[in-house]
Amino acid sequence: MNSKNAQILAIFLAISVISAEVHQFQIGYRPNLRQRLAAEGKLAEYHQKQEAARKTLVQAGAPIIDYEDMAYMVQITLGTPAQNFVLFIDTGSSNLWVPDITCAGGKDATCGSYCKSTPYDACLTFCQEECCTKTPQILSTADACQSKHRFNSSLSSTYVTNGQAFDMTYNTGEVKGFFGVDTFCFTNTTACATSQIFGQATTIGEAFGKQPEDGIIGLGWPALAINGQTPPLFNLFNQGQLDQPYFVVYLAKIGPTSQLNGGTFTAGGLDTANCESQVDWVTLTSKTFWQFKLGGASAGTYSSNAGWQAAADTAASFIGAPKTVVEGLAKAVGAYYVSLVGAYFIDCDAVAPDIQFTINGKTYNMPSTSYVVSAGPGPCMFAFYSLTAGGFYPAWMLGPPFMRAYCHVHDMQGARLGLSKVLAH
Ligand SMILES: *[C@@H]1O[C@H](CO)[C@@H](O)[C@H](O)[C@H]1NC(C)=O
Ligand SMILES: *[C@@H]1O[C@H](CO)[C@@H](O)[C@H](O)[C@H]1NC(C)=O
């Protein structure tokens with residue numbers, strides 16, 4: 001290489017280093033459907049329906065993803081000029097999808113359809129007053145898209161057709177549509193990836209229509225994505241948009257009130273504002289979920305060191321674990337199971353011990369403030385559920401209650417998960 005070329009290369013490298021950045025923005029929070037229903041005394045009814053739907057799906061051998069439990073979201077844009085979407089963050093899946101303009105026949109509606117089916121008082125919390133009715137209405141499937149932000153590819157100069165069909169089955173409905181390719185950005189940041197493949201949903205299940213979010217951004221590994229597509233964060237990294245191959249999830253807010261500022265998402269570096277600088281790295285055991293070996297779990301006099309596969313999952317909302325462990329932990333902290341509603345409860349002001357996890361020989365403490373979840377009037381919920389893992393699913397889904405105690409650093413290059421204690425604010 002001659003010196004001129006070397007000089008040009010040096011300048012080029014300097015520019016690419018400067019253009020890669022650390023991007024930081026807010027994660028929104030709102031209570032998940034289970035909390036909302038518990039607050040309204042409607043959880044029992046929901047549980048019966050859910051069990052019936054689950055049985056049908058288990059017979060059909062379909063994967064079950066509980067999107068109704070998701071609680072944390074980010075804002076993103078697709079296309080040029082940018083079209084805005086609010087998406088659930090899901091480290092337990094790897095596809096990005098938004099409703100397409102053709103969803104529900106492209107009709108317009110100003111109120112979310114979820115508002116119409118939500119009891120009046122709760123509706124006032126989540127929706128504008130004029131969108132709430134005192135007599136909840138039954139929704140039809142075709143209705144589910146109407147309130148959503150919908151992607152219109154004709155408005156985007158950077159859109160590229162793909163057209164391949166997709167069909168994802170969730171426990172209460174389906175998301176169907178086709179794939180397209182366009183520019184992806186996190187709203188109001190320079191974290192943008194070109195040629196991002198994403199789903200354009202033409203049909204979304206009724207249950208999704210009850211949620212204010214538009215779709216899902218999968219943050220899992222490409223191997224977990226339909227057709228092995230590259231998820232946005234991996235695309236951002238591959239395209240040199242990130243300073244370091246990390247994204248960090250810090251979750252803060254909890255309880256019955258929605259918040260715009262429910263946590264912080266950091267792409268391209270560490271989150272020094274919310275997380276301690278000491279990061280313990282845990283090697284992943286699979287590059288599908290953010291999966292690793294959990295050595296043991298204990299609380300008070302209960303302890304099990306059976307050792308399991310566990311996945312860090314922002315979407316699980318609660319912590320899914322083997323039944324015997326959930327029963328053991330519940331007993332140790334003073335939580336009780338109410339079979340009618342299929343959930344564990346605990347007194348909100350219970351003085352309960354920390355739950356401890358052993359990972360890589362090190363102990364991680366999850367205080368009761370992380371796992372006792374307020375659900376309106378009445379007792380609080382104990383943020384665990386029994387998980388019947390099968391096939392390639394891990395035995396544990398370590399959801400937000402654990403993330404509220406430890407920031408999760410996802411290393412896309414080193415295939416490891418970093419845990420660092422949340423800073424006291
Ligand atoms: C999508 O955008 C195109 C181009 O502006 C417009 O003609 C069309 O009406 C839009 N579709 C809908 C359903 O709004
Ligand atoms: C993005 O910026 C606009 C204009 O400043 C602002 O109104 C909007 O709330 C911002 N959105 C997010 C998600 O930060």
Side-chain angles (χ1 to χ4, degrees), residues 28 67 73-88 95-118 123 126-133 137-170 172-218 226-227 229-232 235-236:
Y67 61 71
M73 76 286 275
V74 293
Q75 300 185 52
I76 67 117
T77 67
L78 288 167
T80 313
Q83 299 180 40
N84 285 285
F85 300 93
V86 181
L87 304 183
F88 284 120
N95 286 91
L96 167 70
W97 66 266
V98 299
D100 185 65
I101 191 71
T102 58
C103 200
K107 285 181 224 147
D108 278 316
T110 49
C111 296
S113 53
Y114 60 92
C115 304
K116 286 188 263 166
S117 63
T118 303
C123 180
F126 297 105
C127 310
Q128 288 166 16
E129 193 178 346
E130 58 268 31
C131 295
C132 303
T133 63
Q137 295 162 22
I138 304 299
L139 292 169
S140 70
T141 305
D143 202 29
C145 291
Q146 286 188 15
S147 62
K148 309 292 187 196
H149 295 108
R150 287 165 297 156
F151 182 74
N152 185 345
S153 59
S154 310
L155 294 175
S156 175
S157 62
T158 41
Y159 181 75
V160 177
T161 304
N162 170 289
Q164 194 183 351
F166 73 88
D167 185 344
M168 292 184 269
T169 307
Y170 296 90
T172 41
E174 279 185 300
V175 177
K176 282 198 265 194
F178 57 92
F179 289 113
V181 178
D182 212 331
T183 300
F184 163 94
C185 297
F186 283 108
T187 303
N188 292 353
T189 75
T190 53
C192 297
T194 55
S195 305
Q196 175 62 50
I197 190 156
F198 64 101
Q200 295 170 248
T202 52
T203 308
I204 57 178
E206 180 186 328
F208 215 89
K210 294 174 186 165
Q211 314 276 12
E213 291 71 22
D214 300 310
I216 292 177
I217 176 171
I226 293 179
N227 301 337
Q229 294 172 353
T230 308
N235 232 355
L236 283 170

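One-based numbering, in listed order, for ligands and for the atoms of each.
For the residue pair Gly79 and Thr158, the shortest heavy atom distance occurs at C-OG1, 3.9 Å.
For atom 8 (C) of ligand 1, the choice among Ile101, Asn152, Asp100 with the nearest heavy atom turns out to be Asn152.
Applying the ring-ring contact (aromatic ring centres under 6.0 Å, His included) test to Phe186 and every residue at least two apart in sequence or in another chain returns Phe25, Phe184, Phe265. With sequence neighbours left out, Phe85 forms a ring-ring contact (aromatic ring centres under 6.0 Å, His included) with no residue at all.
Residue-ligand proximity, Ser154 to ligand 1, at heavy-atom distances under 4.0 Å covers atoms 2 (O), 3 (C), 4 (C). When each atom of ligand 1 is checked for a heavy atom of Leu155 under 4.0 Å away, the hits are 2 (O), 4 (C), 5 (O).
Judged by distance alone, the side chains of Ser156 and Asp182 do bring a donor and an acceptor atom under 3.5 Å apart.
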